[in-house]
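To keep things clear, I will list the structure first and then write my remarks on it.
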Amino acid sequence: MITLATPAAMQQWARSQHASGRRIAFVPTMGALHEGHLHLMQTARSYADVVVASIFVNPLQFNSREDFDTYPRPMDEDLALCDRVQVDAVYAPTAAAMYPVGFETHVDPGSLAVPMEGAMRPGHFRGVTTVVAKLFGAVRPDVALFGQKDFQQLAVIRRMAIDLDMGIDIISVPTVREPDGLALSSRNRRLSLEDRRASVAVPDALRSAVEALATGETNAQALERTALRVLAGEPLGRVEYVRVFDAATLEPIPVIDREAVIAAAVWFSDVRIIDNMLLHPATDTTASTGM
Ligand code: PAF
């Protein structure tokens with residue numbers, strides 16, 4: 001496994017792979033790797049000849065300096081994990097290499113970036129699209145893989161790749177969960193034992209909505225209320241939002257008559273947990289969003 005630290009070194013490596021006829025699959029990360037990331041890297045192998053992972057904690061996408069400063073950065077452990085799942089190259093640039101003095105160009109996402117995470121975290125998706133565009137420019141992948149857990153991020157990045165003619169296939173990979181259902185996330189390690197136990201209310205709430213849909217409840221607000229009732233039973237959780245929306249447009253829908261998603265953001269002390277589950281309409285025999 002080779003580690004590359006500058007855009008120029010990364011591009012040179014990518015060019016040599018393409019020149020040898022190899023396809024590149026790419027998994028961007030901010031490090032603090034968990035089984036969910038490793039699953040993305042292992043899945044990436046089936047899409048290409050070589051796999052690149054990036055590790056970069058992107059200052060542009062954080063809303064608080066403290067959150068950025070305290071974000072875990074176990075670089076040696078992360079590199080060992082990448083090696084274990086046979087990643088071919090890790091791109092781990094410094095902040096100075098990514099954002100040198102004079103840097104001033106950003107990628108502005110559109111309406112998909114407005115609701116939910118966009119509303120709660122102003123500027124977050126602008127930071128994500130900007131860094132992902134830069135990572136794509138350095139890694140030059142044929143295909144890039146993202147976890148479904150960050151559903152809105154996935155939709156925003158897929159839109160960017162289409163709109164900017166990047167020619168990169170964006171693949172959605174199902175969320176990896178703990179045995180009790182909690183979606184894997186680098187932030188989970190910051191949960192206290194008590195909050196960790198309580199946080200299972202999030203997947204439980206989403207699942208209760210999926211089950212209600214399966215037993216015939218198609219009203220979106222009723223499904224949101226079902227999930228909110230479960231969350232209300234967990235006093236340690238502070239709900240930021242529970243939202244049902246169209247999986248393709250991310251707009252609210254009154255009834256589940258097309259592929260939809262229920263998503264939630266809930267605080268446990270100072271840790272924000274986000275999660276989502278797909279809501280398939282009973283009569284869905286038509287095309288899917290590809291998410
Ligand atoms: O999902 C993440 O870890 C980050 O948002 C990403 C895509 C690596 C961009 O910094």
Side-chain angles (χ1 to χ4, degrees), residues 4 7 10 24-41 43-44 51-64 67-75 77-79 81-82 87 89-95 97-99 103 106-109 112-113 116-118 120-139 141 143-161 164 166 168-176 183-190 263 265 271-276 291:
L4 301 145
M10 184 66 244
I24 299 177
F26 178 41
V27 178
T29 83
M30 296 206 299
L33 302 179
H34 51 65
E35 285 301 324
H37 293 117
L38 303 185
H39 178 63
L40 285 172
M41 292 168 195
T43 307
V51 175
V52 178
S54 65
I55 299 175
F56 179 65
V57 184
N58 174 33
L60 294 192
Q61 70 186 79
F62 284 79
N63 295 92
S64 110
D67 195 19
F68 172 70
D69 286 343
T70 58
Y71 201 85
R73 292 166 170 82
M75 186 55 94
E77 224 175 275
D78 284 348
L79 290 175
L81 288 170
C82 289
V87 162
V90 173
Y91 179 41
T94 60
M98 285 296 271
Y99 302 119
F103 174 88
H106 295 80
V107 178
D108 222 353
L112 292 174
M116 296 178 288
E117 294 303 291
M120 299 300 165
R121 307 179 63 188
H124 168 71
F125 284 122
R126 185 173 188 256
V128 170
T129 46
T130 300
V131 80
V132 172
K134 283 177 64 69
L135 293 169
F136 283 175
V139 174
V143 53
L145 293 87
F146 294 84
Q148 189 199 300
K149 180 182 156 289
D150 295 301
F151 193 90
Q152 191 175 7
Q153 167 171 282
L154 183 56
V156 166
I157 290 171
R158 178 170 280 148
R159 187 75 251 164
M160 173 184 77
L164 300 186
M166 289 176 157
I168 299 166
D169 285 336
I170 305 298
I171 307 293
S172 161
V173 178
T175 303
V176 180
L184 296 193
S185 163
S186 305
R187 288 170 202 270
N188 293 355
R189 61 175 82 185
R190 288 176 46 212
V271 183
R272 190 167 177 273
I273 298 290
I274 62 167
D275 197 358
N276 66 79
M291 292 283 190

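Start at 1 and go down the list; that is how both ligands and their atoms are numbered.
- For the pair R73 and F68, the cation-pi criterion (under 6.0 Å, within 45° of the ring axis) is fulfilled.
- For a threshold of 3.5 Å applied to N or O pairs, the pair formed by Q61 and ligand 1 contains at least one separation below that value.
- Neither the backbone nor the side chain of I157 comes within 4.0 Å of ligand 1, counting heavy atoms alone.
- What sits closest to atom 7 (C) of ligand 1 on the protein, heavy atoms only, is Q153 NE2, 3.6 Å.
- The distance from ligand 1 to the heavy atoms of T29 drops below 4.0 Å at these ligand atoms: 8 (C).
- Side-chain rings of Y91 and F26 stay apart, their centers remaining 6.0 Å or farther from each other.
- Annotation for ligand 1: atoms under 4.0 Å from non-hydrogen atoms of P28 are 8 (C).
- A donor-acceptor pair is defined here as one N or O able to donate and one able to accept, closer than 3.5 Å; no such pair exists between the side chain of H106 and the backbone of D108.
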Margin query: Working note: Y71 + N58, criterion side-chain hydrogen bond (donor to acceptor under 3.5 Å, both in side chains); need CA distance, chi angles, decisive distance, verdict.
Written below: CA-CA 10 Å; Y71 201 85; N58 174 33; over 6 Å; no
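- Residue E117 holds its CD atom at 5.5 Å from CZ of F125, rounded to the nearest 0.5 Å.
- The backbone N or O of P122 sits less than 3.5 Å from a side-chain atom of N63, completing a donor-acceptor pair.
- When only interatomic distances are considered, the shortest N/O to N/O separation between N58 and ligand 1 does not fall below 3.5 Å.
- Proximity to V131 (heavy-atom distance under 4.0 Å) selects the following atoms of ligand 1: 9 (C), 10 (O).
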